[in-house]
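Report on the following structure.
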Amino acid sequence: MTESTAPQSEHRTVLLRGGDVHSPADPFATAMVVERGHVAWVGSEGAADAFASGVDEVIDLEGALVTPAFTDSHVHTTSTGLALTGLDLSGARALTEALGLVRAFASSHAGDRVILGHGWDAARWPEQRPPSRAELDEAAGGRALYLPRVDVHSAVVSTALLDLVPGVTSMPGYHPEAPLTGDAHHAVRAAAHGAVTPAQRREAQRAALAHAASLGIGTVHECAGPDISDEDDFTGLLELAAEQPGPRVFGYWAERIEDAKGALRVRELGAVGAAGDLFVDGSLGSHTALLHEPYADAPHTGTGRLDAAGIAAHVAACTEAGLQAGFHAIGDAAVTAVVEGVRAASETLGLARVRAARHRVEHAEMLTPQTIAAFAELGLTASVQPAFDAAWGGTDGMYAGRLGAQRAGTLNPYAAMLRAGVPLAFGSDSPVTPLDPWGTVRAAAHHRTPEHRISVRAGFTAHTRGGWRAVGRDDAGVLVPGAPADYAVWRTGELLVQAPDDRVARWSTDPRSGTPGLPDLTPGAELPVCLRTVVFGHTVYVRPNE
């Protein structure tokens, strides 16, 4: 397994004291000792005195909270960095405003060969339509322009960018006056990203990792692949993460494999799995998620990219090679195909071998009781994004518009998944939704469909330990002796024990409960502020002026 942790100075033994340490080893812990990159001890303030004289450094927490660092289990790092440093349309409230932002950006970035933007969502605009090609040509001043929709499964582009892709008009997914999808979209995306210089790409990756560290994220799972980025981008990111202080990066490369030779190639790239965004379908927003029944607002069932037989072959080859497999599946028909494919592989190789490989499914939004039970049976990890529900759920959200209220109300059933024993790992799919770990936990605890809500504690576990379990590690993501010292320090208010059910007290500060408290994540409450992030005992972020 490849971990990328930058080489740094010799490890120092550090005592943190005078705060709250979130640890199952001691629910009342106020102090922690870190030695040689691992947690050496967790305990009470009184016992900490015995360590004070034998450490290299003592950090007074001044009442701050220490938790395991978060793991974001689904990130597109370069795209995240380009969104941070480039044209961001996520705040545009109307088509006219979006076009104005394009004009301003084009004017201020005259030297860029291709204008890259991100984040538009016509479903939120009064015009209820994407920009036309003529409008983009005018706003960009005739330059090449690539603007993926917020879900990154379709894009609008200028004529100048189309001219860089010979034959694009005959590719599947090309539409003269509608967003590009499928092969046409992948081709224009490759052309647009191909115009980014290595220096620009590296700067974008640095920006993304630094931003992650500032949010208490100690590990990211990079979900790359030939339909998303290129090999140089992927290997360059892993090299950068190994060279500089910052979050760990576990890389997934979403390429189908058929044999041991293919598995070896994926490993040689530095990937921990042939997984991530290996597309079985697309997205609901772009009408490309694969459904059993037609969309409520379109006369079709979406687009399938990989069938059950192809899934079974990939899972079998990965399992034989001791490699994780994984798939992008959102629609109910896509999820069914994954379950059928993985089950077919288990019937050939044996259920125990398939379960032990901990294969993953990204997004997994439209599940039924039957597919939830199958996930648990087959040992599939659900790598999910609660911010999707916060952004598009509810009776008047985009999901309801695409599917109708009844089907939309079944999406992202986290409570049922946990009850069935399905392992959850939380992420953002950044830049689709922003890196925001506490906001992600809050979105799960306050799901727009009440029966799908889970406790803050369960959500926090999915965003810390769950991410480590998703890469096959059970010894990390928790502050107990022997675990890697990946932690974050937070300024926050009162710590509470919060439950998702109104029949149970939503919080209890009764110390007799013996349950470590967490910050109040009630909607409207101020989220914790990250003061320090530490990866393997090395500080990778300190909040300025703290």
Side-chain angles (χ1 to χ4, degrees), residues 5-6 8 11-45 48 51-52 55-72 209-220 245-248 435-442 456-457 460-461 463-465 467-468 476-481 483-496 516-521 525-546:
T5 302
Q8 302 186 41
H11 284 291
R12 293 165 58 81
T13 301
V14 178
L15 167 64
L16 299 94
R17 63 185 306 178
D20 290 287
V21 179
H22 186 88
S23 172
D26 183 346
F28 312 114
T30 62
M32 179 172 75
V33 173
V34 173
E35 186 174 22
R36 296 185 181 180
H38 292 80
V39 177
W41 172 84
V42 175
S44 65
E45 194 62 29
F51 294 95
V55 300
D56 299 310
E57 182 181 5
V58 177
I59 295 176
D60 183 357
L61 294 170
E62 298 179 348
L65 170 67
V66 181
T67 70
F70 285 102
T71 292
D72 192 308
L209 293 177
H211 183 56
S214 76
L215 298 171
I217 297 170
T219 300
V220 300
R248 303 170 188 257
L435 298 170
D436 180 15
W438 287 114
T440 295
V441 177
R442 174 153 65 188
V456 168
R457 183 184 181 191
F460 178 78
T461 299
H463 218 342
T464 50
R465 196 168 195 180
W468 281 96
V478 61
L479 300 180
V480 296
D486 288 23
Y487 62 90
V489 181
W490 307 92
R491 182 170 63 234
T492 188
E494 184 181 13
L495 303 181
L496 313 170
L518 285 165
D520 180 5
L521 299 186
E526 186 176 347
L527 293 176
V529 174
C530 184
L531 305 178
R532 179 186 296 255
T533 305
V534 175
V535 175
F536 201 52
H538 295 295
T539 298
V540 299
Y541 169 78
V542 176
R543 183 175 172 83
N545 304 317
E546 294 288 346

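All of these numbers come straight from a predicted model, not from anything done at the bench.
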Please give me the minimum heavy-atom distance between [X] and [Y], naming the atom from each residue.
X: Gly246; Y: Val540; answer: N-CG1, 3.4 Å
X: Pro247; Y: Ala212; answer: CG-CB, 4.2 Å
X: Pro519; Y: Leu495; answer: N-CD2, 3.9 Å
X: Leu215; Y: Phe70; answer: O-CD1, 4.3 Å
X: Ala40; Y: Pro481; answer: O-CB, 3.9 Å
X: Ala48; Y: Leu15; answer: O-CD2, 3.8 Å

My understanding is that only residues two or more places apart in sequence, or in another chain, count here; which of them pass ring pair (Phe, Tyr, Trp, His ring centres under 6.0 Å) with Trp41?
Phe51
List for me each residue that meets ring pair (Phe, Tyr, Trp, His ring centres under 6.0 Å) alongside His38, sequence neighbours excluded, and say none if there are none.
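His38 satisfies ring pair (Phe, Tyr, Trp, His ring centres under 6.0 Å) with Phe536 once adjacent residues are dropped.
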Is there side-chain contact between [X] and [Y], with at least one heavy-atom pair below 4.5 Å?
X: Val14; Y: Asp56; value: no
X: Val478; Y: Pro24; value: yes
X: Ile217; Y: Thr533; value: no
X: Val21; Y: Leu16; value: no
X: Thr67; Y: Phe460; value: yes
X: Val34; Y: Val534; value: no

Main-chain N/O of Ala525 paired to Arg442 side chain as donor or acceptor, under 3.5 Å
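At least one qualifying donor-acceptor pair exists.
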Qualifying residues under side chain to side chain donor-acceptor pair (under 3.5 Å), relative to Arg36, sequence neighbours excluded
none
I'd like to check the side chain to side chain donor-acceptor pair (under 3.5 Å) partners of Thr440; sequence neighbours left out, ordered by chain and number.
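Thr440: no side chain to side chain donor-acceptor pair (under 3.5 Å) contacts found.
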Test Thr13 against Val33 for side-chain contact (heavy atoms from CB on, under 4.5 Å), laying out the working first.
CA-CA 7 Å; Thr13 301; Val33 173; 4.1 Å; yes
Starting at [atom1] of [X], measure out to [atom2] of [Y] and round the result to the nearest 0.5 Å.
X: His463; Y: Trp438; atom1: NE2; atom2: CH2; answer: 9.5 Å
X: Trp490; Y: Arg543; atom1: CH2; atom2: CZ; answer: 11.0 Å
X: Ser214; Y: Leu209; atom1: OG; atom2: CG; answer: 11.0 Å
X: Thr71; Y: Arg465; atom1: OG1; atom2: CZ; answer: 12.0 Å

Residues in salt bridge (charged side-chain N to carboxylate O under 4.0 Å, His left out) with Asp486, at least two apart?
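Testing Asp486 for salt bridge (charged side-chain N to carboxylate O under 4.0 Å, His left out), a comparison that skips the adjacent residues, returns Arg248.
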Residue pair Leu435, Asp72: steps toward the side-chain contact (heavy atoms from CB on, under 4.5 Å) verdict
CA-CA 8 Å; Leu435 298 170; Asp72 192 308; 3.4 Å; yes
Just grab all the side-chain hydrogen bond (donor to acceptor under 3.5 Å, both in side chains) pairs involving residues 16-32, residues at least two apart or on different chains.
Arg17-Glu45, Arg17-Asp49, Thr30-Glu45
